[in-house]
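A short write-up of the structure that comes next.
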Amino acid sequence: MTNFIAGVAATFIMLPFVVYLLFFILIKQITHNHKKAVQMAMDISTIFFVFSVHYLISVIWELQLFWILLVVLLFIAIFVVLIHYKVKGEIIFGKIMKGFWRVSFAFFLLIYIGLVTYGLIQRIVQSVI
């Protein structure tokens, strides 16, 4: 049972798109609301994208840079707070948290795609040479 749970967790971390799709389908079936399903699936899968980016960095460059990812998350939070304050003129914590989490999703999704592409190209080049 422990091996099964570890395998599922490893799959979710390595393939966060699977997490996104599973939760999207599940939430869409429950709520019948496409927009809510997309948003909730994004919210749930964000953490998996963060850990997946960390794992990809450690596999590609053999470096442990999780602390840098935490600093990046801090900068994203600061950025969202500043933008929210400039636009709204006040700080609404719930909206800031939602904005922070959604910007983090977009950022780590792009980094994930870039790292997967880079890693695949790197492995192909290494196997040809």
Side-chain angles (χ1 to χ4, degrees):
M1 183 66 174
T2 305
N3 289 338
F4 174 74
I5 293 171
V8 170
T11 301
F12 284 171
I13 289 172
M14 281 311 302
L15 301 170
F17 285 111
V18 172
V19 174
Y20 176 83
L21 288 173
L22 287 175
F23 279 101
F24 172 77
I25 292 168
L26 178 69
I27 295 165
K28 174 90 178 205
Q29 293 298 318
I30 293 170
T31 65
H32 302 289
N33 184 334
H34 183 82
K35 183 178 177 181
K36 185 176 211 99
V38 168
Q39 291 173 343
M40 288 182 75
M42 283 172 46
D43 291 344
I44 294 167
S45 63
T46 299
I47 193 71
F48 291 97
F49 278 102
V50 171
F51 283 112
S52 182
V53 164
H54 166 66
Y55 181 74
L56 287 171
I57 289 170
S58 68
V59 167
I60 292 171
W61 292 294
E62 298 177 4
L63 298 170
Q64 298 298 320
L65 300 176
F66 191 69
W67 67 274
I68 291 178
L69 296 180
L70 294 177
V71 171
V72 167
L73 285 169
L74 179 65
F75 280 121
I76 290 172
I78 292 168
F79 172 76
V80 169
V81 167
L82 292 174
I83 296 299
H84 183 78
Y85 185 74
K86 279 199 173 272
V87 171
K88 299 289 185 182
E90 62 181 338
I91 294 177
I92 303 169
F93 185 73
K95 290 189 181 221
I96 287 174
M97 285 303 297
K98 187 181 290 186
F100 161 69
W101 207 240
R102 302 264 167 86
V103 171
S104 297
F105 173 82
F107 177 79
F108 282 100
L109 170 67
L110 293 174
I111 298 300
Y112 174 81
I113 291 169
L115 286 173
V116 167
T117 304
Y118 176 80
L120 286 173
I121 291 170
Q122 181 188 34
R123 296 295 169 150
I124 291 170
V125 168
Q126 283 179 351
S127 69
V128 171
I129 295 177

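With Phe49 as the fixed residue, the ring-ring contact (aromatic ring centres under 6.0 Å, His included) test singles out one of Phe17, Trp101, Phe107: Phe17. Of the residues listed (Ile60, Leu65, Val59), the one engaging Leu63 in a side chain to side chain contact (heavy atoms under 4.5 Å, CB included) is Leu65, and it is the only one.
Proximity of Val18 to Phe48: side-chain heavy atoms (C-beta onward) are nowhere separated by under 4.5 Å. Looking at Tyr20 and Leu15, their side chains never come closer than 4.5 Å, going by heavy atoms from C-beta outward.
Residue Ile121 holds its CD1 atom at 6.0 Å from OG1 of Thr117, rounded to the nearest 0.5 Å. Rounding to the nearest 0.5 Å gives a distance of 10.5 Å between NZ of Lys98 and CE of Met42. With rounding to the nearest 0.5 angstrom, the CE atom of Met97 is 10.0 Å from the CG atom of Asp43. One finds the CZ atom of Phe24 at 11.5 Å from the CD atom of Gln39 (value rounded to the nearest 0.5 Å). Rounded to the nearest 0.5 Å, atoms CZ (Phe108) and CG (Leu69) are 5.0 Å apart.
Environment of CD in Glu62: sparse, with no more than 12 heavy atoms of neighbouring residues, nucleotides or ligands closer than 6.0 Å. Sparse packing is recorded around CZ of Phe23, with 12 or fewer heavy atoms of other residues, nucleotides or ligands lying under 6.0 Å away. The environment of CZ in Phe51 is sparse: at most 12 heavy-atom neighbours from other residues, nucleotides or ligands sit within 6.0 Å.
Leu120 and Ile113 fall within a single hydrophobic cluster, where Ile, Leu, Val, Met, Phe, Trp and Tyr are joined by side-chain heavy atoms under 4.5 Å apart, directly or via other members. Two different hydrophobic clusters hold Leu110 and Ile57 under the rule that ILVMFWY side chains link at heavy-atom gaps under 4.5 Å.
Here the shortest heavy-atom pairing between Pro16 and Ser52 reads CD-OG, 3.8 Å. Heavy atoms only, all atoms of each residue included: Gln64 and Ser58 are closest at NE2-CB, 3.5 Å. A pairwise comparison of heavy atoms in Ala37 and Ile27 identifies CA-CG2, 3.6 Å as the closest pair. Taking all atoms of both residues into account, the shortest heavy-atom contact from Met14 to Tyr55 is SD-CD2, 2.8 Å.
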Derivation of the side chain to side chain contact (heavy atoms under 4.5 Å, CB included) call for Thr46 and Phe100: CA-CA 11 Å; Thr46 299; Phe100 161 69; over 6 Å; no

Side chains of residues 73-94: which donor-acceptor partners sit under 3.5 Å, not counting sequence neighbours?
| unit_1 | atom_1 | unit_2 | atom_2 | d |
| --- | --- | --- | --- | --- |
| His84 | NE2 | Ile92 | N | 3.4 |

